[in-house]
2 protein chains.
Amino acid sequence: MSAATSDGTVAKALEVLDLVAGHGRPVRFSDLLEQSPYPKATLYRLLQTLVSQRMLAFDPDRASYSPGIRLVRLAHVAWQQSSLAPIARPYLDQLSAEVGETVHLAQLDHAQVLYVDKRNARDPVHMYSQAGKVGPAYCTGVGKAMLAHLPQERLPEVLAQQSWHPFTPKTVTTPEAMRAELEQIRARGFAFDDEEHEPGIICVALPILSSRGAVLGALSVTSTTARTSLAALEELVPRIQSIAQTIAQETETWRFPEEDKTQPRKRA
Amino acid sequence: MSAATSDGTVAKALEVLDLVAGHGRPVRFSDLLEQSPYPKATLYRLLQTLVSQRMLAFDPDRASYSPGIRLVRLAHVAWQQSSLAPIARPYLDQLSAEVGETVHLAQLDHAQVLYVDKRNARDPVHMYSQAGKVGPAYCTGVGKAMLAHLPQERLPEVLAQQSWHPFTPKTVTTPEAMRAELEQIRARGFAFDDEEHEPGIICVALPILSSRGAVLGALSVTSTTARTSLAALEELVPRIQSIAQTIAQETETWRFPEEDKTQPRKRA
DNA sequence: AAAATAAGTTTCAAATAGTGAAACCTGCAA
DNA sequence: TTGCAGGTTTCACTATTTGAAACTTATTTT
């Protein structure tokens with residue numbers, strides 16, 4: 001959470017932005033003051049700057065701050081360009097239709113899992129509000145699938161940033177145990193989540209890897225112990241595998257078309 | 001575009017962020033250099049900061065910058081809290097089903113129209129990538145509907161920021177003409193777009209107003225001259241009106257539930 | 001109604017962080 | 001080898017940021 005305390009004013013402003021966004025509701029100045037390491041005046045000025053930049057919105061009636069509309073704009077582009085979601089969309093639809101279970105597409109952000117897209121078993125409508133959530137890496141299928149294929153040198157750092165909170169009795173709670181499991185996951189090519197995050201919830205997950213082996217993201221099919229078993233989910237592996245590969249290929253293939261440099265671009 | 005050249009480092013960093021995002025594709029350093037007002041070293045450092053903050057991603061192979069994954073995270077919250085989209089969703093679905101035409105939900109960002117949600121006549125799936133786009137205010141139905149209800153004192157500034165580009169022969173291209181039309185729109189309560197942005201495209205739009213008359217957003221139904229007429233669209237006004245009112249009411253009603261202050265919140 | 005307390009805003013000298021011209025790399029092409 | 005474009009680093013100079021404290025409202029309390 002705290003991240004780099006080193007970077008400068010921009011980092012501070014962004015930290016405040018995260019703080020406001022992290023609340024999930026409008027926040028008042030004094031609440032922020034409690035939670036931020038900055039003195040009153042500094043925080044006050046940072047907030048002012050963010051508001052004047054429309055990254056935050058201030059509601060004078062309720063005297064509270066919320067994320068601003070400019071973020072929505074930026075987000076559109078980030079989503080389109082920096083996530084696998086647009087490329088993976090048709091394949092998620094396909095997979096979802098085939099297996100009829102919840103499907104997740106995730107990427108790694110810092111040391112956490114960021115769900116960038118999702119298909120629900122019952123309601124296959126793709127809603128943005130269902131993506132964008134973050135989750136722990138050490139106790140989710142997609143998380144472990146990605147950790148297993150991280151470059152060796154990054155692993156210690158990332159493992160150190162996990163909370164190792166025992167969500168369920170089955171949660172793996174030590175880096176050592178995790179390393180062993182990751183080894184296994186790497187060897188067999190897929191990961192399970194055996195009720196490690198929520199009781200009754202199980203899943204199979206596969207990494208999406210570039211041709212050079214870099215982790216691009218992960219794909220998972222989730223269900224419940226009431227409806228199915230790990231063994232049954234394992235049967236889906238080849239299908240998920242093939243889709244993961246297709247997505248990886250498309251990601252690498254889809255270079256942006258050559259820019260037309262004859263005309264300088266204009267803006268309204 | 002240039003906005004406040006006054007604000008400080010944060011503003012500069014955000015301007016660079018916009019610049020990268022505005023490209024819609026990975027951009028190289030030298031391209032950015034051309035387009036930004038900053039000297040090499042400054043731009044370089046700003047980019048470094050943004051990358052280290054994960055607001056931008058740098059691809060070493062292609063030596064280019066793209067919007068970063070942290071934006072996607074922030075976006076989720078911004079979308080949920082700072083746009084009318086989540087509240088309006090069911091009503092958009094309803095309206096879309098009833099009229100069978102394209103429906104837009106927009107808000108005003110700076111002096112531009114930001115589409116925060118959309119329903120398509122054919123494909124009613126709600127995809128994030130279709131929202132988040134921006135458009136001009138002076139030649140779209142939603143734009144004019146919102147401008148018409150802006151506080152008097154803000155109007156000159158906002159009108160001054162329009163490009164007045166004549167997209168079609170029917171585009172209104174002067175602030176004076178626009179003022180007259182806005183008067184009319186305010187009086188009758190709704191706006192048309194009579195092929196002012198794209199030939200063949202017409203729409204009716206209504207503002208979404210708070211109980212105190214503040215502009216919250218706008219709602220429109222769009223079609224083509226081939227399929228319908230302005231007169232026919234006008235018949236939808238009462239229905240759209242009622243939905244706009246419902247959305248406004250819900251927005252004002254939906255205060256966040258009282259926070260439980262007995263327990264300090266924790267974070268994994 | 002006055003006093004007390006809390007919540008939010010402004011000030012200003014000191015400290016820090018940001019600036020950008022210019023020098024310096026580093027591949028790549030001639 | 002030389003030239004050169006794209007990119008990175010340096011460093012003295014400057015402007016911005018900092019935060020304790022003083023100051024203004026609002027909100028309670030007595």
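Just so we're on the same page: letters track the sequence lines, and every chain starts at 1.
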side-chain N/O B:Ser30 vs D:dG7 OP1/OP2, d < 4.0 Å:
yes
Looking at D:dT9, I'd like to know if its phosphate oxygens (OP1 or OP2) sit under 4.0 Å from a side-chain N or O belonging to B:Tyr44.
yes
Under the 3.5 angstrom rule, does the side chain of B:Tyr44 hit a backbone N or O of B:Phe29 as a donor-acceptor pair?
no
Is it the case that the side chain of A:Glu252 and the backbone of A:Ser211 share a donor-acceptor pair, with hydrogens and angles ignored and the cut-off at 3.5 Å?
yes
Atom pair distance, as rounded to whole Å: [atom1] in [X] and [atom2] in [N]:
{"X": "B:Leu14", "N": "C:dG18", "atom1": "CG", "atom2": "C1'", "answer": "16 Å"}
{"X": "A:Leu47", "N": "C:dG8", "atom1": "CG", "atom2": "C1'", "answer": "11 Å"}
{"X": "B:Leu43", "N": "D:dT8", "atom1": "CG", "atom2": "P", "answer": "11 Å"}
{"X": "B:Phe29", "N": "C:dT26", "atom1": "CZ", "atom2": "C1'", "answer": "15 Å"}
{"X": "B:Arg28", "N": "D:dG7", "atom1": "CZ", "atom2": "C1'", "answer": "11 Å"}
{"X": "B:Asp31", "N": "D:dA5", "atom1": "CG", "atom2": "P", "answer": "16 Å"}
{"X": "A:Arg62", "N": "D:dT27", "atom1": "CZ", "atom2": "P", "answer": "15 Å"}

Can you list everything that forms a side chain to side chain donor-acceptor pair (under 3.5 Å) with B:Arg45? Sequence neighbours excluded, please.
none
Does a salt bridge link [X] with [Y], judged by any charged N lying under 4.0 Å from a carboxylate O?
{"X": "B:Asp18", "Y": "A:Arg73", "result": "no"}
{"X": "B:Asp61", "Y": "A:Arg212", "result": "yes"}
{"X": "B:Lys12", "Y": "B:Glu15", "result": "no"}

Residues forming a side-chain contact (heavy atoms from CB on, under 4.5 Å) with [X], sequence neighbours excluded:
{"X": "A:Ile69", "value": "B:Gln107, B:Asp109, B:Leu114"}
{"X": "A:Gln241", "value": "A:Leu206, A:Gln245"}
{"X": "A:Ala111", "value": "A:Val158, A:Gln161, A:Gln162"}

Compute the angle between the rotation axes at the two ends of the helix from C:dA1-D:dT30 to C:dA30-D:dT1, each taken over five pairs, rounded to 10 degrees.
30°
Nucleotide N/O to protein N/O under 3.5 Å, stretch nucleotides 18-23 of chain D:
from	atom 1	to	atom 2	distance (Å)
D:dT18	OP1	A:Lys12	NZ	2.9
D:dG19	OP2	A:Thr42	OG1	3.1
D:dG19	N7	A:Arg45	NH2	2.8

